Number of protein chains: 2
Amino acid sequence: MNNVRGHSNIVKLVSSPASSHANCEYCKARTISICAALEFDELGALDQLARKNCFQPRETLFHEHDAANVFYNITSGMVRLVKVLPDGRRTLIGFAMTGDFLGLSMADRHVYSGEALTDVSVCEFRRDGFSDLVDQYPHLLRRLHALTGHELTIAQTQMAILGRRTAVEKVVIFLLTMRDRWSHVNGSNLLVVLPMSRMDIADYLGLTVETISRTFTQLVKQKLVVIVPNGVRLVDIGRLEAIAAI
Amino acid sequence: MNNVRGHSNIVKLVSSPASSHANCEYCKARTISICAALEFDELGALDQLARKNCFQPRETLFHEHDAANVFYNITSGMVRLVKVLPDGRRTLIGFAMTGDFLGLSMADRHVYSGEALTDVSVCEFRRDGFSDLVDQYPHLLRRLHALTGHELTIAQTQMAILGRRTAVEKVVIFLLTMRDRWSHVNGSNLLVVLPMSRMDIADYLGLTVETISRTFTQLVKQKLVVIVPNGVRLVDIGRLEAIAAI
DNA sequence: CGTTGGGTTGATCGACCTCAATAAAAGTGG
DNA sequence: CCACTTTTATTGAGGTCGATCAACCCAACG
């Protein structure tokens, strides 16, 4: 979103103008995240509020049940959203990536933990300041609301998927969805980057690690995908989409 | 919410004052729905916009994929939210009841159909007018946003439930959740009203009708619930909550 | 070189689905 | 009100997909 206060890879790579907003121009999240709702001068106000921060793999951005004092806009990397059930079982709510805003609903407390899967850079917003900004710029609340609604739709679709699908269908849908989400930031690509473990995928899809593993090898044997380091390459999109039947 | 333009059971039951807002006072949805965000004078504006309407069981309020020109605030009755998967399978996203607002996300199109399970009365709001009102009263957007966030949390919790729970756990969680939701409008009660069919419950929980039926009889044999017309009576809340382990 | 954590593979078991029959309830028309 | 159909619910028998338990592989790392 903006790269004012250092740490940003982008700042290091491109020669950034002196202006404090201008860095947003080079931010991959700029056009797809909440920032897209803002005019040039409003972006300046957001800029004032933002604090650039970085996390390393396995670092926790925030804990489930903790007070949500800070909201995060992810500018690069991937974060897993983890919820622990009362009986100790672990569930993954989802994976957040470039452009995703964590804290969309502006709820008082985090309902899941956020854990970095890769190097992650974020723009952090303190709750109070952000709340004031939202009051000041109705576009921003509109945008937040629209994005929350979108998330709600995604969650409801995911519910439907988890309900009555076979393991293969779930995994294929997962792969295609990851590709689509990644394409928003990086263009369409047959390479799906999967920085998370099989266990994470299992907990996300409501399956076991063993089943995920078996399903992957099954897809490989059928020449639908090829396993590569940190991900898979989709070989036969047509048949994959037929299986998913989205 | 308001009962201005006739048809309302409430209007027939209580002698309503002449004032056009005042009817909201007798509306069961008044304190728990979006209306709760509004001041007295703002409620008047909402009142202007609202059109009272009723639906009979099996009537469709709106169809999946249709343009969402009207939003609905349910003042009594129950509505099932149905999504049809590409392969023809049916999924229930949820059940909407008194106080629920359909169209929270203000998306362009409905992502599921709404079908009346009982006699349903609603306050209808045309999209354009409602959108203007939202622009006019920031509280209202805030409230909409908060409720959308709440729905999102519910959906994510439901995802977690569907993931890794046994049939018994799912059904028990369903029953307890229905009771809790109903209690907001009617006080705590051991009688859970279930106007939907077993098929509906099955499609909601990602199970088959047979499994739902078997699970119910199992719960009855264990003296945890008693089946009554149009619902169940919870007998042993303690053990039920232990099974749910929410 | 042993250790550790993630990933794969195999064998077995069980929960839930599927198919099928029956029962109960809710409409329908005379 | 009663026969009739249609829908919904229950119960049974058998099959299957994914979980469980267990062994093994492999790469990273001290």
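Quick note on labels: first sequence line is chain A, next is B, and so on, each numbered from 1. Bear in mind that the values here come from a model prediction, so they are computed numbers and not experimental data.
Look at B/D203 and B/K83 and you find no salt bridge, because none of the NZ, NE, NH1 or NH2 atoms lies under 4.0 Å from a carboxylate O. We find that B/R181 and B/D100 are joined by a salt bridge, their nearest charged nitrogen and carboxylate oxygen being less than 4.0 Å apart.
Checking the phosphate oxygens (OP1, OP2) of D/dC17, no side-chain nitrogen or oxygen of A/T166 falls inside 4.0 Å. Taking 4.0 angstrom as the limit, B/T208 places none of its side-chain polar atoms (N or O) nearer than this to OP1 or OP2 of C/dC16. Phosphate proximity of C/dT9 to A/T217: present, with a side-chain N or O under 4.0 Å from OP1 or OP2.
Rounded to whole Å, the distance from CD1 on A/I212 to P on D/dT20 is 13 Å. Nucleotide C/dG7 holds its P atom 12 Å from the CG atom of A/D203, rounded to whole Å. A straight line from CZ of B/F216 to P of D/dT10 spans 8 Å, rounded to a whole angstrom. The separation between A/I201 atom CD1 and D/dG18 atom P is 16 Å, rounded to whole Å. In this structure, the CE atom of B/M199 is 22 Å from the P atom of C/dA24, given to the nearest Å. If you measure from atom CD of B/E169 to atom C1' of C/dC16, you get 14 Å, rounded to the nearest angstrom. Look at CG on B/L205: it is 14 Å from C1' on C/dC16, rounded to the nearest Å. Going from atom CZ of A/R165 over to atom C1' of C/dC16 covers 19 Å, rounded to whole Å.
Nearest to the side chain of A/R198, among D/dT20, C/dC17, C/dG7, sits C/dG7. Ranking D/dG18, D/dT8, D/dT11 by closeness to the B/R58 side chain, first place goes to D/dT8. In this structure, the nucleotide among D/dT11, C/dT9, C/dC16 sitting nearest to the side chain of A/S213 is C/dT9. For B/L207, counting side-chain heavy atoms from C-beta on, the closest listed nucleotide (C/dG7, C/dC16, D/dA19) is C/dC16. Nearest nucleotide to the side chain of B/S197, out of D/dT8, D/dA19, C/dC17: D/dT8.
In this structure, B/M178 and B/V193 have side chains that are not in contact, with every pair of non-hydrogen atoms separated by 4.5 Å or more.
Mapping B/M196 and B/R214 onto DNA chain D by nearest heavy atom places B/M196 closer to the 5' end of the strand.
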What do the steps show when you test A/V122 against A/F55 for side-chain contact (heavy atoms from CB on, under 4.5 Å), and what is the final call?
CA-CA 8 Å; A/V122 297; A/F55 296 91; 3.8 Å; yes
For A/R164 and B/R89: C-alpha separation, side-chain torsions, deciding distance, then whether side-chain contact (heavy atoms from CB on, under 4.5 Å) applies.
CA-CA 9 Å; A/R164 283 179 182 289; B/R89 280 179 295 191; 4.2 Å; yes
